[in-house]
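Below: the structure, in structure tokens.
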There are 2 protein chains.
Amino acid sequence: MQISVDIDDPIPLFVQIIEQIKQAVVEHNLIPGQPLPSIRQLANDLNLNSKTVAKAYKLLERDAIIQSKGYRGTFIHPDAASNCGTNLKGLIAETLEQAISQLRNEGATDSEIRIEFANIMNNRVS
Amino acid sequence: MQISVDIDDPIPLFVQIIEQIKQAVVEHNLIPGQPLPSIRQLANDLNLNSKTVAKAYKLLERDAIIQSKGYRGTFIHPDAASNCGTNLKGLIAETLEQAISQLRNEGATDSEIRIEFANIMNNRVS
DNA sequence: AGTTGTACCATTACCATGCATGGTACATAT
DNA sequence: ATATGTACCATGCATGGTAATGGTACAACT
């Protein structure tokens, strides 16, 4: 498995890692049960901080693309291929788009929407 | 009609203006049809930029609290009192809260929600 | 001892945003 | 001329969030 990152790319490094692993899964270059390099190992290879790689792995595990087995390492999830299709990102976009377009129709300003959004995300009381 | 602003107050100046005019409406110190100072006039009295006052007036007109009649000036809207009750801000908060809590239940990260939100607000293609 | 994933603490730099400012211009009226 | 609301251009400043960095520590296993 070849993974590379481009620091000059505006795409965040942890996203670059995620996309490459997902791509390898859909192309069957990575098959279920196959081991992935350890967080520290991959971080070392890419000259990245281990936290950056850990973040990518964490998100991949949440989406059931990979499986972390503690001291035994990290492996491709049995249902990795099908879970690559489930687009959580798409659901997020769809849900937010619906809410935002509704609010815009109600006459809300983008500025007001942004402010209220920030309040909610920070659990502030408005 | 007495309006005053406090520059040291963390509340934005245009919000201070809006709140005071709304307050005056609910207290019947401002009644429908009554004229408001012109944008430039009020800006001059408060030592503010005219754009700041214009912003406050624009939002007040959107909420049907006041009515702008071009060169004739700005006046209190006939339904000002009742429209002071309709809380657009509350609607925004409610709509967004519903969407966000749903996404959080689906497993979405706050970070992901924020990114997608920014994409939508900027009409970027994701 | 060495490695695994994970969880905290923290800081730095960058970028987007909101607020307020300034200038200019327009049509429409007195 | 003067005044009205409104629309565009632009800037400086402060704020807040993300991304990425670093250090430390833990339990569990080889």
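No hydrogens, no waters, no symmetry mates; every other heavy atom, side chains included, goes into these values.
- Within the structure, a side-chain polar atom (N or O) of B:T74 is placed less than 4.0 Å from OP1 or OP2 of D:dG5.
- For the residue pair A:E27 / A:Q23, a side-chain donor-acceptor distance below 3.5 Å is found, with atom types taken as modelled.
- Within the 3.5 Å criterion, the main-chain N or O of A:A118 finds a donor-acceptor partner in the side chain of A:N122.
- Regarding A:K58, its NZ atom lies at a distance of 15 Å from the P atom of D:dA20, rounded to whole Å.
- Scanning for ring-ring contact (aromatic ring centres under 6.0 Å, His included) contacts around B:F117 gives A:F117, with sequence neighbours left out.
- Proximity of a side-chain donor or acceptor of A:Q34 to a complementary backbone N or O of A:I31 within less than 3.5 Å is detected.
- A:R114 has a side-chain polar atom (N or O) that falls below the 4.0 Å cut-off from OP1 or OP2 of C:dT17.
- Listed candidates were D:dC29, D:dA20, C:dC19. Nearest to the side chain of A:T52 is D:dA20.
- We find that CG of B:D8 is positioned 15 Å from C1' of C:dA20, with the value rounded to whole Å.
- With sequence neighbours excluded, the residues forming a side-chain contact (heavy atoms from CB on, under 4.5 Å) with A:Q20 are A:I3, A:S4, A:Q16, listed by chain and number.
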For residues 65-75 of chain B, which side-chain N or O atoms pair as donor and acceptor with protein atoms under 3.5 Å away, sequence neighbours left out?
{"unit_1": "B:S68", "atom_1": "OG", "unit_2": "B:E61", "atom_2": "OE1", "d": "3.4"}

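- Residues from residues 10-17 of chain A lying near DNA chain D, meaning a heavy-atom separation below 4.0 Å, are A:P12, A:L13, A:F14 in numerical order.
- Listed for the A:N83 side chain is a donor-acceptor partner under 3.5 Å among the backbone atoms of A:D79.
- Checked against D:dG5, D:dG17, C:dT6, the side chain of B:S68 finds its nearest nucleotide in D:dG5.
- The residue B:K55 sits close only to the backbone: its heavy atoms come under 4.0 Å of sugar-phosphate atoms, none of a base.
- At least one side-chain nitrogen or oxygen of B:Y71 sits closer than 4.0 Å to the OP1 or OP2 atom of C:dA29.
- Side-chain contact, B:Q41 with B:S38: no donor N or O sits under 3.5 Å from an acceptor N or O.
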Show me the donor-acceptor pairs, under 3.5 Å and distance only, between side chains in residues 91-100 of chain A and residues at least two apart or in other chains.
{"unit_1": "A:T95", "atom_1": "OG1", "unit_2": "A:L91", "atom_2": "O", "d": "2.9"}

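- We find that NZ of B:K69 is positioned 17 Å from C1' of C:dT30, with the value rounded to whole Å.
- Atoms CG (A:N44) and P (C:dG5) sit 13 Å apart, rounded to a whole Å.
- Distances shown here put a side-chain N or O of A:S111 below 4.0 Å from the OP1 or OP2 atom of C:dG18.
- Within residues 31-43 of chain A, the residues approaching DNA chain C are A:S38, A:I39, A:R40, by heavy-atom distance under 4.0 Å.
- Rounded to whole Å, the distance from CZ on A:R72 to P on C:dT3 is 19 Å.
- Looking at heavy-atom distances under 4.0 Å, B:S50 makes no contact with the nucleic acid at all.
- Between the CD atom of B:E116 and the P atom of D:dG17 there is a distance of 19 Å, given to the nearest Å.
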Chi angles and distances behind the side-chain contact (heavy atoms from CB on, under 4.5 Å) call for A:L88, A:R62: CA-CA 11 Å; A:L88 179 56; A:R62 187 205 56 187; 3.4 Å; yes
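- Residue A:N49 places no side-chain N or O under 4.0 Å from the OP1 or OP2 atom of D:dA20.
- The CG atom of A:L59 sits 15 Å away from the C1' atom of D:dA20 (whole-angstrom rounding).
- Per the geometry, CD belonging to B:E61 stands 9 Å off C1' belonging to D:dG5, to the nearest Å.
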